[in-house]
Amino acid sequence: MAHGDDNLDQDVSLAFTQEIARAAVASLHPLQEDLAEWLTRLLGVRITNDNFIDSLSNGVLLCKLAQLIQGKVAERCGAGKNNNNLPTKKIRFHERAPAESFIARDNVATFLSWCREFGLADTCLFETDDLVLQKGPKNVLVCVYELARMGCKYGIEPPALLKLEKEIEREEKNPRPPLGKSKKTLGKLDKEVQCIAKVCKVDVHRVSEGRYNILGKLVFVRMLRGRHVMVRVGGGWDTLEHYLIRHEPTSFRLHSRNMTTESGEPVPEDFFVISGRYKSERT
């Protein structure tokens, strides 16, 4: 019986791990979609959620993005009057670099070198193979997103998620009043939040417009482009589904065992084992 319980625990653990992995991949789509729209608007090249990494993989568009930001920096600081030690050298890259080639690697290395000079921390950068061989798309997204954040300081219109961040910062300074006892009509965001909470079997309580109590923690929730329900987490964003899956205690099991005193007398002991999904996304 004990052996059967162990097998059941392993099956449940594997199912949780697979569900977390699926949700983790899905949680990248809103950020990727947001950055694709932002790059399309800035560079005039159609980039979609489906071709995002492929479009950037040879480094050409990233180098053009660096050129654009550097041009904005020059406009803001004044030609020849750059007192912030920001990059001013011409960005040279190979326009027709084939995918997965050494030339593509050279383009990406040029972009990453410029990012360091521009002031991006090493923790925000990615490895060349993360993009050229598409081994770490998440790292690429983090880098481009942080570059967008820095570009805002020089007059570049931000992606939608960054606009939501500014909105939340204003709300933190001037919090909205909590909901009264009277029942309010649920808007689209509230309906989506409650729908996801029901699927994930987690109690989510609305505190004020766009602010919720989830598992005892107050969080800001926003709707991105009318399609994605996003949670503000630390310095970034997560989808509500992925956030709930990672933080929800999944099961409580009562276990019993016999302990013995120093004299050898048996003493029964019961204890709970709580399974949770929030510790790691790996097995």
Side-chain angles (χ1 to χ4, degrees), residues 21-22 24-75 82 85-162 224-225 228 235-237 239:
R22 178 198 62 77
V25 172
S27 69
L28 297 180
H29 291 168
L31 175 58
Q32 185 168 286
E33 181 181 295
D34 191 31
L35 289 177
E37 190 279 334
W38 180 69
L39 290 172
T40 295
R41 179 160 32 91
L42 286 183
L43 302 178
V45 178
R46 189 171 184 272
I47 302 173
T48 67
N49 199 8
D50 294 331
N51 71 3
F52 185 86
I53 295 297
D54 287 335
S55 298
L56 304 184
S57 63
N58 66 355
V60 173
L61 293 181
L62 289 180
C63 288
K64 289 184 176 181
L65 175 63
Q67 284 181 335
L68 187 150
I69 295 175
Q70 186 165 297
K72 289 291 184 180
V73 170
E75 290 177 10
N82 192 335
N85 296 319
L86 294 172
T88 56
K89 293 188 297 184
K90 186 174 181 180
I91 302 169
R92 301 182 183 278
F93 60 93
H94 305 278
E95 181 80 36
R96 298 183 179 180
E100 299 186 14
S101 65
F102 285 108
I103 302 177
R105 290 176 179 275
D106 190 43
N107 283 349
V108 174
T110 296
F111 169 75
L112 292 174
S113 177
W114 179 88
C115 285
R116 289 190 181 91
E117 193 176 353
F118 187 55
L120 261 69
D122 286 342
T123 54
C124 296
L125 300 180
F126 57 87
E127 299 294 332
T128 305
D129 283 351
D130 288 343
L131 180 57
V132 177
L133 299 183
Q134 303 187 19
K135 290 185 175 181
K138 179 179 179 180
N139 299 332
V140 178
L141 293 175
V142 169
C143 179
V144 178
Y145 188 75
E146 190 61 27
L147 188 58
R149 188 193 304 277
M150 294 186 67
C152 294
K153 301 176 182 178
Y154 300 97
I156 295 178
E157 185 179 354
L161 276 176
L162 282 179
L224 176 64
R225 302 187 183 284
H228 308 291
W237 293 87
T239 60

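Note that this is a predicted model, so its numbers are computed, not measured.
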Sorted by first residue and then second, give each salt bridge (charged side-chain N to carboxylate O under 4.0 Å, His left out) pair with at least one member in residues 45-71; sequence neighbours left out.
Lys64-Glu95

Looking at Leu56, Leu62, Leu61, which hits side chain to side chain contact (heavy atoms under 4.5 Å, CB included) with Leu39?
Leu56

Report the distance from atom CG of Leu133 to atom CD of Glu127, rounding to the nearest 0.5 Å.
12.0 Å

So which atom in Glu146 and which in Cys124 form the shortest heavy-atom distance, rounded to 0.1 Å?
CG-SG, 3.8 Å

Treating Asp34 as the side-chain partner and Pro159 as the backbone partner, does any N or O pair qualify as donor plus acceptor under 3.5 Å?
no

Let me confirm one number: the CH2-CD distance from Trp38 to Glu157, rounded to the nearest 0.5 Å.
10.5 Å

What are the two closest non-hydrogen atoms of Gln134 and Ser57, and how far apart are they?
NE2-CB, 4.3 Å

Sub-4.5 Å side-chain heavy-atom contact between Trp237 and Leu224
no

Heavy-atom pair with the smallest gap, counting every atom of Arg92 and Thr110:
O-CG2, 3.6 Å

Report yes if some heavy atom in the side chain of Tyr154 is under 4.5 Å from a heavy atom in the side chain of Leu86; otherwise report no.
yes

In the structure I gave you, are the side-chain heavy atoms of Leu112 and Phe126 within less than 4.5 Å of one another anywhere?
yes

So, taking the atom named CZ in Phe111 and the one named CZ in Arg116, what distance separates them when rounded to the nearest 0.5 Å?
10.5 Å

Value rounded to 0.5 Å, distance of CD in Gln70 from CH2 in Trp114:
6.5 Å

For His94 and Asp106 the tightest heavy-atom approach is NE2-OD2, 3.3 Å

Which atom of Arg105 lies closest to which atom of Asp129, heavy atoms considered
NH1-OD1, 2.6 Å

If only atom types and distance count, is the side chain of Asp130 paired as donor or acceptor with the main-chain N or O of Val140 below 3.5 Å?
no

Between CG on residue Leu31 and OG1 on residue Thr239, distance to nearest 0.5 Å
11.0 Å

Taking every non-hydrogen atom, the tightest pair across Phe93 and Cys63:
CD2-CB, 3.5 Å

Roughly how far, to the nearest 0.5 Å, is CD1 of Ile69 from SG of Cys115?
7.5 Å

Flag, side chain of Gln32 to backbone of Asn49, donor-acceptor distance under 3.5 Å
yes

For Ala109, is there any backbone N or O sitting under 3.5 Å from a side-chain donor or acceptor partner on Ser113?
no

Give a yes or no answer on whether the side chain of Ser101 reaches the backbone of Ala97 with a donor-acceptor pair at less than 3.5 Å.
no

